[in-house]
Student: 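Got a structure for you, questions after.
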There are 2 protein chains.
Amino acid sequence: MSRNASLTPLPGSCAACAVRPFALFRVVPQARVGEIARVRSGVRLVRAGEAIHDSIFTLYAGWAFSWTATPDGRRQVLDFHLPGDLVERSEDGAEVEALTDASFCILARDRLCDFMGRDPGLAMSYAEGLTRDRARLRERLTSLGRRDAAGRVAHLLLELHGRLMRRGGADARGAAVPLKQAHLADALGLSVEHANRALAAMRKDGIATLNKGRLEILDREALEDMAGWSGPAQPGVLARTLAV
Amino acid sequence: MSRNASLTPLPGSCAACAVRPFALFRVVPQARVGEIARVRSGVRLVRAGEAIHDSIFTLYAGWAFSWTATPDGRRQVLDFHLPGDLVERSEDGAEVEALTDASFCILARDRLCDFMGRDPGLAMSYAEGLTRDRARLRERLTSLGRRDAAGRVAHLLLELHGRLMRRGGADARGAAVPLKQAHLADALGLSVEHANRALAAMRKDGIATLNKGRLEILDREALEDMAGWSGPAQPGVLARTLAV
DNA sequence: CGCGGTATTGAAACGCATCAAAACCCGTGG
DNA sequence: CCACGGGTTTTGATGCGTTTCAATACCGCG
């Protein structure tokens, strides 16, 4: 019946959870893993494209993303969520949607707060996650503000590759990246057509390809150059200030 | 000797601090205000344009902003900091700079962590701040991704006005907003010239003015329209999906 | 009065959006 | 097995918003 990848079931116990080493509860020592169960209020499996309405959860398998609609019917992708990420719906109108078939653990906010109140390390882990989110948004803001289309695409691909790499979901040559070009475009403030052209250029130059849900990095150095600033010369701030 | 606004001295005691109601320590009850002193490692006064190297501080008076340089010598403003804001330098190369003459309380990270470990409410206050930062960045990301120049300027002015309003630093008609056009431009991914043209248009249409460090809102409704999406018709997502 | 930083204005060039259409891919059903 | 259909990717042509470059005007201050 499922014409799609099967929905990965979750492990019964948090102790065996494959993503916990990268997730909010990574700081909980083995001896107290049992307490996590009291914070979990359930699990859920969703299909690609479905909206997710749970207000806090940690993604176990699959990708998701947060986005907002603009009054003229376009959308802005705010962030991509990978396995192990804690996702928290914010009060503002942002939506969370499964990008692939996905499964996750729903958390109970009040019980999570209790736990964090008793365990400062957990509170710090939570804060670290927020800080990482913020750092990522700052980078992406810089992308949209100051990079051209090719640089934005290159930068986002490198960001995703790095995040996957850190949690063992990629090797140096590439990774499973199930994004459509429309996701890229909506995350980077580009039209789908232009995102396509940027990808086409990268492919033609043998730098990287994104195809059938897989990212291949053919020339990492060139990709990093592209994500840096392609601009000419690059004298550096000081030199530029002193020049003239 | 100072050709600039005087550097506002800080109050001796946190109990009397004018910005504490809006700051990290707002949650500390009067009876325990004394404990805050142990977290403060000093105060500092800086002039407009000076870089700030302290890693965590709460701004007491004046504005600051965080920014990164791009290899080609431009800059991206990541966030503006207002009195009461907790500012934390991140590991990435972002700089923090005083936008006006400013004064702030420097905090000791380890002692702050201790305090948060003992006081879950304080930890929550910290997390709230991070969450607000993130929400603001998301909004700005949406701006850069999907709004045109006029919309970006309008949106940022409204954001700043709202933040100032909430802490009693503005009235409905306007506020002190010491930004140069270059700050606006660098925050919004625009050239200075174009930011100027956007402001000029707003002025000509009697919507708002930004002049000599003061923002005047002449027609809030029009300003909000401009910050929404100026696009035509605005059928709404559903209507648009169903159309055709 | 003159200077440096800031704001303003104009003209030309460019990157990206938009519109339109074709190619492609894959699952579905005849 | 092949034709069909919807979603996605690709390609091309045209227009607009913004950048860039170049001057000029402005303003507070020494």
Side-chain angles (χ1 to χ4, degrees), chain A residues 1-5 47-49 70 72-76 99-100 143-153 177-186 188-204 209-214 226 229-233 240-241 243-244, chain B residues 1-5 47-49 70 72-76 99-100 143-153 177-186 188-204 209-214 226 229-233 240-241 243-244:
Chain A
M1 82 210 29
S2 87
R3 51 215 176 316
N4 215 324
R47 303 229 86 109
T70 65
D72 62 343
R74 291 140 82 200
R75 73 177 177 183
Q76 174 67 43
L99 201 153
T100 64
S143 248
L144 297 220
R146 293 304 185 206
R147 273 192 263 255
D148 64 11
R152 291 181 208 180
V153 171
V177 172
L179 301 181
K180 314 276 184 199
Q181 296 184 358
H183 294 121
L184 276 185
D186 287 341
L188 299 176
L190 299 171
S191 65
V192 178
E193 295 90 332
H194 207 70
N196 177 296
R197 281 183 251 261
L199 283 172
M202 288 180 23
R203 192 188 322 140
K204 184 173 72 62
T209 64
L210 183 63
N211 223 320
K212 297 184 212 296
R214 177 141 194 99
M226 192 173 254
W229 280 268
S230 44
R240 188 167 199 269
T241 303
V244 171
Chain B
M1 85 201 26
S2 89
R3 53 219 175 313
N4 215 324
R47 303 229 86 107
T70 65
D72 62 343
R74 291 141 80 202
R75 73 177 178 183
Q76 175 67 42
L99 201 153
T100 63
S143 248
L144 298 219
R146 295 302 186 207
R147 274 192 263 255
D148 65 11
R152 291 182 207 180
V153 172
V177 172
L179 302 181
K180 314 275 183 200
Q181 296 185 356
H183 294 121
L184 275 184
D186 287 341
L188 299 176
L190 299 171
S191 65
V192 178
E193 296 89 331
H194 206 68
N196 176 297
R197 282 183 252 261
L199 284 172
M202 287 180 24
R203 192 188 324 139
K204 184 174 71 61
T209 64
L210 183 62
N211 224 319
K212 298 185 210 295
R214 177 140 193 100
M226 192 172 254
W229 278 268
S230 45
R240 189 168 198 270
T241 304
V244 171

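So you know, we letter chains A, B, ... as the sequences are listed, proteins then strands, and number each from 1.
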Student: Give B/G49 one of three labels, base, sugar-phosphate or nothing, depending on what nucleic acid heavy atoms sit under 4.0 Å from its own.
Tutor: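 No contact.
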
Student: Testing the 3.5 Å rule here: is there a donor-acceptor pair between the side chains of A/R74 and A/T70?
Tutor: no

Student: If I take atom CG in residue B/D148 and atom C1' in nucleotide C/dG15, what distance separates them, rounded to the nearest angstrom?
Tutor: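 Going from CG in B/D148 over to C1' in C/dG15 covers 16 Å.
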
Student: How close or far is atom P of D/dT8 from atom CG of A/L99, stated in whole angstroms?
Tutor: 11 Å

Student: By the 4.0 Å heavy-atom rule, please label A/R203 as base, sugar-phosphate, or nothing.
Tutor: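 Touches sugar-phosphate only.
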
Student: What distance do B/R147 atom CZ and B/L188 atom CG have between them, rounded to the nearest 0.5 Å?
Tutor: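 So the gap between those two atoms works out to 10.0 Å.
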
Student: May I ask you to verify if any side-chain N or O of A/N196 is less than 4.0 angstrom from the OP1 or OP2 atom of D/dT9?
Tutor: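 No.
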
Student: For the helix from C/dC1-D/dG30 to C/dG30-D/dC1, what angle separates the axis at the start from the axis at the finish, each from five pairs, in steps of 10°?
Tutor: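 Inter-axis angle at the ends, rounded: 20°.
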
Student: How is B/L190 classified with respect to the nucleic acid when contacts are heavy atoms under 4.0 Å: base, sugar-phosphate, or nothing?
Tutor: sugar-phosphate

Student: Does A/Q181 have a side-chain nitrogen or oxygen under 4.0 Å from the phosphate oxygens OP1 or OP2 of D/dG7?
Tutor: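 Checking A/Q181 against D/dG7: no side-chain N or O falls below 4.0 Å of OP1 or OP2.
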
Student: So does B/K212 get a side-chain nitrogen or oxygen closer than 4.0 Å to the phosphate oxygens (OP1/OP2) of C/dA7?
Tutor: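 It does not, given that no N or O in the side chain of B/K212 lies less than 4.0 Å from OP1 or OP2 of C/dA7.
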
Student: Please report the distance, rounded to the nearest Å, between CD in A/E193 and C1' in D/dT8.
Tutor: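 Going from A/E193 (CD) to D/dT8 (C1'), I get 12 Å.
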
